[in-house]
Amino acid sequence: MSATLRGLHQSALDVMQHPASEDSVTASFGQFIQGVQPHHLTPTLLHRSKRMVLDSIGVGLLGSTTQVFQLALQHCQHMYAPDDISSVYGRRGTRLSPTLAAFVNGVAAHSMDFDDTWHPATHPSGVVLPALLAVSDMLPNNRKPSGRDFLLAFNVGIEVQGRLMRFSNEAHNIPKRFHPPTVVGTLGSAAACARLLSLERSQCSHALAIAASLSGAPMVNAATQSKPLHIGNAARLGLEAALLASIGLEASPRVLDDNAGVAGFSAFYEDYAPRPLTSPEEEGVRFLLEDQDMGFKRFPAHLGMHWVADAAASVHKLLQGRGQGSQVVGQVQDILLRVPCSKYINRPFPESEHQARHSFQFNACSALLDGEVTVFSFSQEALKRPDLLALLRRVRVEHPHDNPANFDRMYGEVQVTLVGGDVLKGRCDTFYGHWRNPLTNESLRKKFRSNAGAVLPREKVEGLIEAVEGLDRLEDCSLLLAQLQ
Amino acid sequence: MLSRVQRSFRPVSVTLRRLHQSALDVVEHPAPEDSVTASFGRFIQGVQLHHLTSTLLHRSKRMVLDSIGVGLLGSTTHVFQLALQHCQHMYGPDDICSVYGRRGTRLSPTLAAFVNGVAAHSMDFDDTWHPATHPSGAVLPALLAVCDMLPNNSKPSGRDFLLAFNVGIEVQGRLMRFSNEAHNIPKRFHPPTVVGTLGSAAACARLLSLERSQCSHALAIAASLSGAPMANAATQSKPLHIGNAARLGLEAALLASRGLEASPRVLDDTAGVAGFSAFYEDYAPRPLTSPEEELQFLLEDQDIAFKRFPAHLGMHWVADAAASVHKLLLGEQGSEVVGQVQDILLRVPRSKYIDRPFPESEHEARHSFQFNACSALLDGEVTVDSFSQDALQRPDLHTLLGRVHVEHPHDNPANFDRMYGEVQVTLVGGDVLKGRCDTFYGHWRNPLTNESLRKKFRSNAGAVLPREKVEGLIEVVEGLDRLEDCSPLLEQLQ
């Protein structure tokens, strides 16, 4: 629509389309999504978000080997017509309709709980990247986004999630009601896709509102086989919301605002204090990622496991240092874990891989036995190891008052009482990979090579590392898309 | 493609199922068998044809007919067109499931459930139950899609179809009763997106003949796809709430049929970790009676309300009240209403989302006490045409809207079982005319006659289908419980 025409009719349109005032929180988000510019991407943001993109692709590629991914893929292939548009992680020649590709790739990203975690806690990349890749595949060959546009859209999706998490104080602690990726992630995906699709400001707002009606999965489905679908659906349904907004669907123009008597996005929160985003035209647009870095996992389990794993690993070293060989089980009489109180990661005898990834006890004992927790610690055989089960039976858990269920402030302590009476202690305040102690680029690439190498040939693995490293200089992100399968 | 989809759903042999049941039970049921969640799975899988009483058959067939009719009329709306366009452009062409009113247009199963669900709710013309939700639009489109999907030699009988339909309705009703707040017009989540998604999952799980634990998992998977905030009601997106409930419930059942599992305690009250309770303020789940014991469906005791015009149910009270005042006005000084009226007072329940003094869109008008009262005052009735763009902008109507005041009497709760609508018009001369409606015609206390229901259907369906198909549908639905194969129903929807 021509700018002149738009100017002429703006006031009339405003009344019709923006019954909420232009200074609503919702409008500010629409304005941000549409208005933010490539120059807002600082070197820190570029650096950090490229690491997130690389890690997310890697965990997605490894995730394409899981049963739940296979199930999701089969569902899409059987219940919809063939569609040769958007590529599927790690499956050469397999393409799906855009929202379905976003879905299965999102499932892959979260299938092993190996994807990134932020503070306040959510898994931001897996809900955004698969959707953006699907959009990129969808756009015509002569209009693929540049790498910089891609990264900007990615950062928009991350930023929106971070801002929405800050609408509430309860979000700082491990949540009880809704799984955060299904609340903020869906809107993050919608925002990122709205940006990459170049939607108008009001369409960007409507994309968020439409996404709100597709948000919100209860926590009880976490640590079940369905959890990866939470991320897959956030990616898929956020993209869908942006697509519907692009053809003119509208929803509430005040979805993010606090409306007395009728819940909007506040429906998903206990305490809700929304705040507008700074206009991109003003000084002082500062992305949250600039100040709050991401946590990357070293092994595929809930973030909380990483503290006890590092603490238990140090006790393992002490045990080895005592020179009684590697026979751990015979020496250990009692294991005490001092961890935050959180029912959903407190599982004394996990019965599935998913439950094991969400069990303080399992991860502590694995690290005590092996000195580390790895991808293989969760295989069917590893789950049933007699040694492990023997140790699990000797575990007690305490929840010290000074150990909150909060990824910024928690710690993990492992105290092992030996048969002889000696007591060995390990404590971890900040695991390696936490935002306070980030993985080096070398460690991140090592993780990527291990993950991606499980499904891709070496040239593509290295090609992806190179493409992502130079993503902000790529004219056309096809180079990235071409190497994902 | 057709054969691939159909191959996925060959019925599993019953013998095989029984042999392995006990082993499967141990692996699949970590939660005790007496959990609420397990009781729902047992009900969905175990309920039998003989549980369908004649009252249930009668009432549910009326619901099926009405839902098809409003869906057919809904296929003429802009939002339906938008949803259909989205599905046709963003997915590969698929010739499986028919789309209401669009001859030759077919989509993949979940997409057909989606667009037909959007159609059903596109004009707010679909049925309403108590506690308040719109049960049929979330279930029927999904079941029709499943039927289209099943191979030609194993289409369900009409009775199986009706049983699955009633399962979907029953599950919704039971879930609404898990909470006291549900009895009043909701503030947080739009009920069809909470209970409707699980109702659809339950109905589809039944029609797909899933095993007991798969039925439970279908509900659990659906829970992760439930819950849309109320703020999107009275926006253009509202019909998608029903469309998505139908679609995502079907999807949950399909994923469960492939073996996907979610929480076996999703409906139970689990301390510290929210399940389905996440969508409620107060949550008191109760198990369903085992189908082997005495069993009574809610629809037996609590009938449904059908709307006479396409607007939120609350509008029907003020419309009937205003219509009676219109009659009084006509009696007095001819048909010139605007000149006579000085002031209009509405006494209605307090509910922000249907209190709109100057609605600016068709959607808002369907959710405005003021608009519906004034329309009925002017015209003597509210009809489908009361919400057209021209009708919305009538100067007479705007004039009357400017004279409306609203009161919320303490004895008028926001509850479809107990509310009333009063319209008090003060005339220019000083006279005061009053109208009051306690139970509008179409409410469950004063149900539409079969004749009225068919009249509504003919008007709706006739907007898109030729007369033979309209009459054919009436006949097929009337005899649905006697049909060997529900194909005749499917064939006449477009």
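Just so it is clear: chains get the letters A, B, ... in the order the sequence lines come, proteins before strands, and each one is counted from 1. All values derive from a computational prediction rather than experimental measurement.
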Quick check for you: among [options], which has the greatest number of heavy-atom pairs under 4.5 Å with chain B?
options                      : result
A:Met138, A:Glu240, A:Lys343 : A:Glu240
A:Asn259, A:Leu243, A:Val255 : A:Leu243
A:Ala217, A:Gly264, A:Pro218 : A:Pro218

Sort [X] into side chain, backbone, both or neither according to what part of it lies under 4.5 angstrom from a heavy atom of chain B.
X        : result
A:Leu214 : side chain
A:Gln67  : neither
A:Ser215 : backbone
A:Leu96  : neither
A:His75  : both

N/O donor-acceptor pair under 3.5 Å between B:Arg188 side chain and A:Ala267 backbone = yes
Sub-3.5 Å donor-acceptor pair from the side chain of B:Ser237 to the main-chain atoms of A:Glu250, do we have one?
-> yes
Indicate yes or no: at least one non-hydrogen side-chain atom of [X] is less than 4.5 angstrom from one of [Y].
X        : Y        : value
A:Gln225 : B:Leu260 : yes
A:Leu249 : B:Leu240 : yes
B:Met149 : A:Met79  : yes

Measure the spacing between [atom1] of [X] and [atom2] of [Y] and express it to the nearest 0.5 Å.
X        : Y        : atom1 : atom2 : value
B:Tyr91  : A:Leu100 : OH    : CG    : 5.0 Å
B:Gln85  : A:Ile247 : CD    : CD1   : 5.0 Å
A:Leu237 : B:Leu248 : CG    : CG    : 6.5 Å

Which portion of B:Thr270 sits near chain A, non-hydrogen atoms under 4.5 angstrom | side chain
Taking all non-hydrogen atoms of both residues into account, name the closest pair between A:Asp83 and B:Gly92 and its distance.
-> OD2-N, 3.2 Å
Kindly give the heavy-atom pair with the smallest separation between A:Tyr80 and B:Asp94, and that separation in Å.
-> C-OD2, 3.7 Å
Could you give me the CA-CA distance, side-chain angles and deciding distance for B:Asn232 and A:Ser252, then say whether side chain to side chain donor-acceptor pair (under 3.5 Å) is met?
-> CA-CA 5 Å; B:Asn232 281 332; A:Ser252 170; 4.6 Å; no
Hey, mind stepping through A:Val220 and B:Phe276 against side-chain contact (heavy atoms from CB on, under 4.5 Å) and telling me if it holds?
-> CA-CA 8 Å; A:Val220 85; B:Phe276 196 59; over 6 Å; no
Of the listed residues (B:Pro229, B:Ala83, B:Ala228), which shares the most heavy-atom pairs with chain A below a 4.5 Å separation?
-> B:Pro229
A:Phe268 ring center within less than 6.0 Å of B:Phe279 ring center | no
Which of these, B:Met230, B:His190, B:His241, sits in a side-chain contact (heavy atoms from CB on, under 4.5 Å) with A:Ser213?
-> B:His241
Considering only NZ, NE, NH1 and NH2 on the basic side and carboxylate oxygens on the acidic side, decide whether B:Glu261 and A:Lys227 come within less than 4.0 Å.
-> no
